[in-house]
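For reference, positions follow the sequence shown, starting with 1. Keep in mind it's a predicted model, so treat the numbers as computed, not measured.
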Amino acid sequence: PNIVDGKAPYLITALAIMLISLPGIFISHGLNKRTALALLSCYITLALAVLLSLVAVYFTRLSGISDENIMVITQLKPELNIHGLMFCGLLISLVGILDDITVGQTVTIYELKLANSKLSFAELYKRGIRVGREHIASLINTLVLVYVGASFLFIVYLALAMPYPLLMILNSEFMMEEIVRSLVGSASLILAVPIATALAAYFLRSEGAQNKK
């Protein structure tokens with residue numbers, strides 16, 4: 001309702017992300033240091049994703065108007081920032097997948113430290129990154145397939161109803177939006193692993209010793 005009323009989509013989206021992620025992550029994973037570190041990692045990565053998204057949208061010159069429905073919206077509410085809404089939707093789509101990777105990395109470091117309290121920060125980070133590499137590969141595959149699956153009917157429509165060459169279709173607004181989403185999402189996942197691993201290795205490095213006491 002706030003966005004429809006013409007209020008700043010960036011601020012509303014930031015508040016929405018916090019309202020979605022704060023209770024959601026703590027209810028799912030418990031109120032503890034590990035979950036807090038995962039949430040902090042998620043927010044740091046989202047801040048970097050903002051920069052990546054701005055760069056990607058600038059260089060691809062996306063307008064946000066990818067089909068007739070959005071064109072109707074611009075006529076009904078010309079004051080809406082369609083470009084901003086597209087950008088905000090991209091960030092919201094990242095929250096769930098970043099929750100997955102940051103929680104996974106934080107718990108991995110925690111369990112490594114419990115198993116061997118003598119592991120240093122550098123050793124924890126190195127072992128955590130090894131796990132993270134495998135996690136990233138599977139999540140990027142998932143991310144791309146989710147975007148393709150959500151747009152599958154429209155892709156079929158393009159193939160049947162649009163007598164244009166493949167390169168022209170790929171260069172369309174709709175297809176470029178999906179490509180940008182996939183690229184920014186993948187880059188954000190890659191960034192999330194070292195961020196979450198470093199924070200967890202630093203702040204959880206005394207966990208093993210405390211539990212043994």
Please confirm whether the backbone N or O of Leu119 pairs with a side-chain atom of Lys113, one donor and one acceptor, at under 3.5 Å?
-> yes
Got a donor-acceptor contact below 3.5 angstrom from the Glu123 side chain to the Ser120 backbone?
-> yes
Quick one: closest heavy-atom pair of Val95 and Ser21, and the distance?
-> CG1-CB, 4.2 Å
With Asn32, which residues qualify under side-chain hydrogen bond (donor to acceptor under 3.5 Å, both in side chains), at least two apart?
-> Thr35
All heavy atoms of Ala196 vs all of Ser41, minimum pair found to be CA-OG, 3.3 Å
Using side-chain contact (heavy atoms from CB on, under 4.5 Å) as the criterion, point out the one residue from Leu189, Ile195, Ile44, Val103 that pairs with Leu98.
-> Leu189
Sequence neighbours excluded, which residues qualify as side chain to side chain contact (heavy atoms under 4.5 Å, CB included) partners of Ser138?
-> His135
Has the side chain of Asn141 got a donor or acceptor atom that lies under 3.5 Å from a matching backbone atom of Ala137?
-> yes
Which heavy atom of Ala201 sits nearest a heavy atom of Tyr125, and at what distance?
-> CB-N, 4.2 Å
To the nearest 0.5 angstrom, please state how far the CZ atom of Arg127 sits from the CD atom of Glu111.
-> 14.0 Å
Is it the case that one hydrophobic cluster holds both Ile92 and Ile101, taking links as side-chain heavy atoms less than 4.5 Å apart, direct or via other members?
-> yes
Qualifying residues under side chain to side chain contact (heavy atoms under 4.5 Å, CB included), relative to Leu22, sequence neighbours excluded = Met18, Phe26, Leu39, Tyr43
Contacts of Leu15 meeting side chain to side chain contact (heavy atoms under 4.5 Å, CB included) (sequence neighbours excluded), chain-then-number -> Leu11
Distance in Å, Leu52 CG paired with Leu191 CG, rounded so as to fall on 0.5 Å steps | 6.0 Å
Under 3.5 Å, side chain of Gln105 to main-chain N/O of Gly128, donor-acceptor pair present?
-> yes
Go through the structure and list residues passing side-chain hydrogen bond (donor to acceptor under 3.5 Å, both in side chains) with Ser186, not counting sequence neighbours.
-> none
Rounded to the nearest 0.5 Å, how far apart are CG of Leu46 and OG1 of Thr102?
-> 9.5 Å
Listed partners of Ile20 passing side chain to side chain contact (heavy atoms under 4.5 Å, CB included), at least two apart = none
Joint cluster assignment, Tyr202 & Val131, ILVMFWY side-chain distance < 4.5 Å = no
